[in-house]
Amino acid sequence: MKEIGIALIGTGFMGKCHALAWNSVTPVFGGKIKPRLEILCDVDEAAIRKLGPEYGFARTSTDWRQVVADPAIDIVSITTPNGLHREMAIAALAAGKHVWCEKPMALDLADATEMADAAATASGKSLLGYNYIRNPALQQAKKIISDGTIGDIIHFRGQVDEDYMADGDLPWSWRARIADGGLGVLGDLTCHLVSLAHYFVGHIKELSADVETVYKTRPLPDMTGEQGVVENEDIAHALVRFDNGVSGTMCSSRTAWGRKNLIRLEIHGTCGMLTFDQERLNEINLFVNEGPKEIQGFRQVLSGPPHPQYSNFVPAPGHQLGFNDLKVIEAAHFLECIEKNDQPCVDFAEGLLIEKVIHGFIRSAQERRWVSVS
Ligand code: NAD
């Protein structure tokens, strides 16, 4: 088994998720390439001192520039805040490394375009953290659609909601400033929905959107009672039209009380429908217009060994995978693409198309009209 050196930058929510994926990918998937956990990097020295050995990394560093230039590194995992992705990814690609970068690509479209341009001429491969498309249940849904079971796709409906900003008293933070946080719900959540829409239906061509900031100010964290301005959107919704003519709707909110990780999909076909909700990620619901009308209805299909990659984790049906497992599948995909010299999906070129859609929401809302995003 060939070894490949891994550097992980960032030890927060996604940092742990990547660390788990790099630790699990060989036990779960085998494969011809085995990750060698070389450097864990973060500006938080206490975190890397504790987590470096716990995650199994040989070394730690607080200097990401040294890390991406290190000759023992082949793949750089970037799990830092959005505003750091461009500089880190471009430096790593320039040093000949493969880059696995969290979504969204960057703060704005210009930076995302620079990243895609850098990836287009680099020797290393690029991958973005669109983990939800890895779900075995959704890979099976894709197969059901490709087999023609629900007929031709005629409509897409997508909804993504969480409540992490639903409390109006939540203090202001840098995330609310465009220069530091970039887009609001569009960069955090809607981009995942777009990745799923592109996966199931095709690329979005045009859209008509509206966005709203529900809490226009939030109390500053210094407890003075002063308010900070929230510059980015809490809610974003749109009518969309795909390249292939299919119509769709998308709505997303970070102020939706009670929603923890709702990603609801409906794919309407000429003779059936598929539905999914990420809060119940181990099932898809399928309706097919066949058989006697009086016993027709949605069929719940639970994830199990017949579905792609499920049995790598567990041999019995219905025993349930979780969020972190999707990242293990993503890591396996990246290693396989590196081994076979295939194009990863979603790479920076494909990711740029997602960025064009989410930034298109803002343009459409500002200009109050349909805009082209392809
Ligand atoms: P986080 O705040 O939990 O972690 C970020 C980490 O980066 C922190 O440990 C911080 O100390 C470190 N960091 C900051 N500046 C650094 C620097 N200059 N050098 C090295 N380390 C530095 O953030 P998070 O929630 O893990 O989000 C990180 C990224 O992951 C974001 O882009 C976010 O959009 C994305 N994300 C993706 C998903 C998903 O489902 N794919 C989910 C959550 C977050």
Side-chain angles (χ1 to χ4, degrees), residues 7-21 39-52 54-55 57 59-70 73 76-92 99-108 111-112 115 127-135 138 160-162 164-165 173-176 180-196 199 232 252 254 260-263 278-279 281 322-331 333-334 346 348 351 354-355 358:
L8 167 56
I9 313 179
T11 60
F13 175 13
M14 275 303 109
K16 180 156 193 171
C17 195
H18 280 233
L20 290 172
I39 311 177
L40 181 65
C41 171
D42 200 294
V43 283
D44 183 341
E45 279 199 68
I48 49 174
R49 215 173 308 121
K50 176 177 181 297
L51 297 174
E54 284 180 10
Y55 291 172
F57 282 87
R59 294 180 277 155
T60 59
S61 171
T62 53
D63 183 349
W64 68 265
R65 288 175 201 283
Q66 272 182 12
V67 169
V68 301
D70 192 297
I73 300 303
V76 180
S77 268
I78 300 174
T79 70
T80 48
N82 307 344
L84 295 165
H85 293 181
R86 180 192 61 86
E87 204 181 2
M88 290 177 172
I90 290 176
V99 173
W100 184 13
C101 181
E102 269 313 319
K103 47 53 62 182
M105 286 176 80
L107 294 182
D108 58 35
D111 284 1
M115 290 167 74
L127 176 70
L128 289 158
Y130 286 107
N131 25 265
Y132 297 114
I133 60 171
R134 307 289 164 201
N135 187 341
L138 289 184
V160 54
D161 287 333
E162 292 191 19
Y164 61 93
M165 300 277 273
S173 80
W174 60 267
R175 286 176 196 280
D180 299 319
L183 296 173
V185 69
L186 286 160
D188 281 349
L189 305 183
T190 321
C191 60
H192 277 300
L193 196 55
V194 177
S195 75
L196 288 157
Y199 179 66
N232 49 27
S252 45
R254 62 183 183 185
K260 304 304 173 187
N261 189 15
L262 181 132
I263 305 177
Q278 174 65 24
E279 287 182 346
L281 77 140
F323 173 83
N324 284 323
D325 296 326
L326 308 186
K327 224 48 177 179
V328 181
I329 302 175
E330 197 168 81
H333 171 70
F334 202 26
V346 174
F348 284 7
I354 297 174
E355 300 288 322
I358 56 175

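Just so it is clear, the structure is predicted and the values come from calculations on it, not from any experiment. Numbers here simply count residues along the sequence, with the first being 1. Both counts, for ligands and for their atoms, begin at 1 and track the order of listing.
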> Numbering the atoms of ligand 1 from 1, which are under 4.0 Å from a heavy atom of His192?
Replying inline: 39 (C), 40 (O), 41 (N)
>> Return the CG to CE distance between Leu8 and Met14, rounded to the nearest 0.5 Å.
In response: 11.5 Å
>> Less than 4.0 angstrom from a charged side-chain N to a carboxylate O is my criterion; do Asp70 and Arg59 meet it?
In response: yes
>> For atom 3 (O) of ligand 1, which of the options Phe323, Tyr130, Trp64, Phe13 provides the nearest non-hydrogen atom?
In response: Phe13
>> Can you check atom 21 (N) of ligand 1: any protein non-hydrogen atom closer than 4.0 Å?
In response: yes
>> Can you report which non-hydrogen protein atom sits closest to atom 34 (O) of ligand 1, along with the distance?
In response: Lys103 O, 2.8 Å
> Among protein heavy atoms, which sits nearest to atom 15 (N) of ligand 1, and what does the distance come to when rounded to 0.1 Å?
Replying inline: Leu84 CD1, 3.3 Å
> Where is the nearest protein heavy atom to atom 44 (C) of ligand 1: which residue, which atom, and how far?
Replying inline: Met14 CG, 3.5 Å
>> Show the atoms of ligand 1 that are less than 4.0 angstrom away from any heavy atom in Pro81.
In response: 5 (C), 7 (O), 14 (C)
>> I need the nearest protein heavy-atom contact for atom 11 (O) of ligand 1: residue, atom name and distance, please.
In response: Asp42 OD1, 2.6 Å
>> Just to be sure I'm reading this right: ignoring hydrogens, which of Thr80, Leu8, Ile9 gets closest to atom 29 (C) of ligand 1? Compare them by their nearest heavy atoms.
In response: Thr80
>> The test is salt bridge (Lys or Arg N to Asp or Glu O under 4.0 Å); show your working for Glu102 and Lys327 and say whether it passes.
In response: CA-CA 11 Å; Glu102 269 313 319; Lys327 224 48 177 179; 2.7 Å; yes
> For Asp180, what residues pass the salt bridge (charged side-chain N to carboxylate O under 4.0 Å, His left out) criterion, not counting sequence neighbours?
Replying inline: Arg177
> What protein heavy atom is closest to atom 4 (O) of ligand 1, reported as residue, atom name and distance in Å?
Replying inline: Gly12 CA, 3.4 Å
> Quick one: side chain to side chain donor-acceptor pair (under 3.5 Å) partners of His85, sequence neighbours excluded?
Replying inline: none
> Do any heavy atoms of Pro104 fall under 4.0 Å from ligand 1?
Replying inline: yes
>> Among all the protein's non-hydrogen atoms, which is closest to atom 2 (O) of ligand 1, and how far away is it?
In response: Arg175 NH2, 4.1 Å
>> Measuring only between side-chain heavy atoms, which start at C-beta, is His192 closer than 4.5 Å to Lys103?
In response: yes
>> I need the atoms of ligand 1 closer than 4.0 Å to a non-hydrogen atom of Lys327, numbered in the order shown.
In response: 41 (N)
> How close does the nearest protein non-hydrogen atom get to atom 5 (C) of ligand 1, and which residue and atom is it?
Replying inline: Thr79 O, 3.7 Å
> Under 4.5 Å between any side-chain heavy atoms of Ile329 and Phe334, yes or no?
Replying inline: no
> Identify the closest protein heavy atom to atom 17 (C) of ligand 1: which residue and atom is it, and at what distance?
Replying inline: Val43 CG1, 3.6 Å
>> Do the side chains of Glu87 and Arg65 get close enough for a salt bridge, i.e. N-O under 4.0 angstrom?
In response: yes
> What atoms of ligand 1 come within less than 4.0 Å of a heavy atom belonging to Gly129?
Replying inline: 41 (N)
> Which atoms of ligand 1 have any heavy atom of His85 under 4.0 Å away?
Replying inline: 32 (O)
